[in-house]
Amino acid sequence: MNRKYIYPLVIILVTVALYYSDDFFGENDASTPKVLNTIETNSKEFDDSFLPTSTTGAVVKHNFFTLSYSEENEQAEWVAYELKPAHLSKNEFERPYFIEDNSVKTKSADWRNYKNSGFNRGHLCPAADRKFSVEAFNETFLTSNISPQDHDFNSGIWNRLEQKVRFWAEKYNGVYVVTGGVLKGNLKTIGEENVSVPNEFYKIIVDASDGNYKAVAFLIPNKPSSEPFYEYAVSIDEIEEKTGIDFFPNLPDSIENSLEKMVNLQAWGSR
DNA sequence: CTGGATTGC
DNA sequence: GCAATCCAG
C-alpha cells in the first residue's frame with residue numbers, strides 16, 4: 001500500500017476507535033443498553049415484595065416505575081420504584097413536555113389542567129431519580145406521575161426530602177420508594193378534568209440491604225415549610241390509615257408488621 | 001435541584 | 001404544539 005494512503009487510513013481508524021472507546025471500556029454506563037438492562041426497575045424481587053395494593057385496580061407497570069392510577073382524582077394514588085446507586089447519574093437532559101399516559105386505560109390528566117392553576121406539576125417519581133437514560137427521564141414526565149403541589153412545598157421541604165432519598169440510595173446500596181398524595185376527603189380541584197389537590201403527600205423509603213429491613217415514612221402538608229422533614233416522620237401504619245392503601249402486603253407478616261410500626265429516625269440519620 | 005410565564009410561528 | 005427566553009424558591 002502506498003504511504004500516501006496510510007496516514008488518512010490511520011486517522012480514520014483512530015477516530016472510529018475513539019468514538020467507540022466508551023463502549024469498549026464500559027465507562028459510559030448510562031448510554032449502553034447492555035448496562036441499562038441491569039438497572040431497570042420492576043425487578044421480580046421488587047414486584048413480589050414491595051408493590052402496594054391498589055384501591056382502584058388501575059396498576060400500570062412502566063419500564064422505570066409502577067403506579068396505581070385514580071381516575072376520580074386524575075392522578076396516581078401511589079408511584080413505586082427502586083432507586084439503586086447505579087441509577088444516580090450526572091446526565092443532563094432537557095425537560096420534555098408533560099404528556100398523557102396512554103397506558104392508563106382512562107387516560108391520565110392533560111397538563112393544561114395545571115396551567116395557571118397556582119399549583120406545580122410535581123413529580124412523584126422525581127426526574128432526577130431517573131437520569132440514567134433519556135428514556136427513563138422522559139418517562140417521569142407522563143402526567144400519571146404528576147400531582148398538584150404548592151411551588152414552595154415542591155422546591156422546598158419536598159425537594160430536600162427527595163435529595164435525601166438519593167443520599168440514602170447511595171448509602172444503603174439501594175432503597176425502595178413509594179410516594180403519592182393523600183386522596184381522601186373533599187379536595188380542591190383544578191382544571192376542566194378536576195384534578196384533586198392533595199392536602200398532604202407521603203413518602204415511604206425501605207432499605208432491604210444486608211437482609212435487615214428498615215423503613216422510614218413521612219407525611220407532609222402540601223404547603224411551604226422551613227421545618228426539617230424529620231418533623232413529619234410517621235409510621236407506615238399511619239399512612240395506611242390515611243390512604244386506605246396496604247403498602248407491603250407481599251412481605252412476610254412478621255417483617256411487614258415490624259416495618260409498618262417503625263419510626264426510627266436515628267437509623268436514618270436524624271440527630 | 002424543584003418548578004413557573006410569556007412571546008412568536 | 002413547540003422553541004426560545006426570562007423568571008423564582
Side-chain angles (χ1 to χ4, degrees), chain A residues 30 64-65 67 74-76 78-102 107-171 174-175 177-182 188-193 195-205 216 218-232 268-269:
Chain A
F64 306 107
F65 57 81
L67 64 89
E74 284 291 2
Q75 64 199 274
W78 52 257
V79 171
Y81 63 99
E82 198 173 351
L83 186 61
K84 302 177 185 178
H87 292 144
L88 302 174
S89 159
K90 291 177 182 174
N91 289 337
E92 289 188 17
F93 300 120
E94 196 173 329
R95 290 169 68 96
Y97 286 83
F98 289 97
I99 58 171
E100 291 182 1
D101 186 346
N102 291 324
K107 304 290 186 196
S108 57
D110 190 281
W111 62 270
R112 292 173 192 81
N113 290 286
Y114 291 73
K115 193 176 181 182
N116 295 320
S117 70
F119 290 90
N120 279 14
R121 305 148 194 158
H123 281 87
L124 295 175
C125 175
D129 286 6
R130 305 283 87 153
K131 289 209 307 179
F132 47 88
S133 75
V134 69
E135 291 80 10
F137 184 77
N138 287 349
E139 198 171 84
T140 70
F141 285 79
L142 295 169
T143 58
S144 52
N145 184 43
I146 298 301
S147 183
Q149 293 182 334
D150 176 274
H151 175 267
D152 291 341
F153 164 79
N154 188 17
S155 65
I157 188 170
W158 193 247
N159 186 25
R160 293 194 296 276
L161 175 55
E162 289 177 341
Q163 292 181 41
K164 195 69 169 189
V165 172
R166 288 190 279 276
F167 171 82
W168 286 328
E170 193 82 58
K171 180 176 181 179
V175 292
V177 186
V178 185
T179 193
V182 177
K188 174 188 170 69
T189 64
I190 57 173
E192 291 184 4
E193 293 179 277
V195 180
S196 299
V197 180
N199 294 316
E200 299 166 293
F201 285 88
Y202 67 84
K203 192 180 286 290
I204 299 170
I205 301 100
V216 67
F218 301 92
L219 186 64
I220 309 180
N222 186 12
K223 62 184 185 183
S225 172
S226 57
E227 298 288 316
F229 50 76
Y230 289 109
E231 297 293 320
Y232 298 96
W268 292 87

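Quick caveat: nothing in here was measured; it's all calculated off a predicted structure. In what follows, every chain begins at residue 1, and chains take the letters A, B, ... in the order their sequences are listed. These values consider heavy atoms only, across backbone and side chains, with no hydrogens, waters or symmetry-generated copies.
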Once base and sugar-phosphate atoms are separated, protein heavy atoms under 4.0 Å mark nucleotides 2-9 of chain B, 5' to 3', with B, S and - as BSSS----

Taken to the nearest whole Å, CD1/Ile157(A) to C1'/dG9(C) is 14 Å

Answer yes or no: is there an ion pair linking Lys107(A) with Asp101(A), defined by an N-O contact shorter than 4.0 Å?
no

Any donor-acceptor pair under 3.5 Å linking the side-chain atoms of Tyr114(A) with those of Asn120(A)?
no

So what stems show up for DNA chain B if we need 3 or more Watson-Crick or G-U pairs in a row, all under 3.5 Å?
B:1-9 with C:1-9

To the nearest 0.5 Å, tell me how far Lys188(A) NZ sits from Asn222(A) CG.
11.0 Å

Member of Phe218(A), Trp158(A), Tyr232(A), Phe229(A) meeting the ring-ring contact (aromatic ring centres under 6.0 Å, His included) criterion with Phe201(A)
Trp158(A)

Is it the case that the side chain of Ser225(A) and the backbone of Glu227(A) share a donor-acceptor pair, with hydrogens and angles ignored and the cut-off at 3.5 Å?
yes

Quick one about Thr143(A) and Ser108(A) (side-chain donor to acceptor, distance below 3.5 Å, no hydrogens or angles considered), yes or no?
yes

Step by step, would you call Asp152(A) with Ile157(A) a side-chain contact (heavy atoms from CB on, under 4.5 Å)?
CA-CA 8 Å; Asp152(A) 291 341; Ile157(A) 188 170; over 6 Å; no

Looking at Gln149(A), is its backbone amide N or carbonyl O close enough to the side chain of Asn154(A) to form a donor-acceptor pair, meaning the two atoms are under 3.5 Å apart?
no

In this structure, how many angstroms lie between the C1' atom of dG9(C) and the CG atom of Asp152(A), rounded?
6 Å

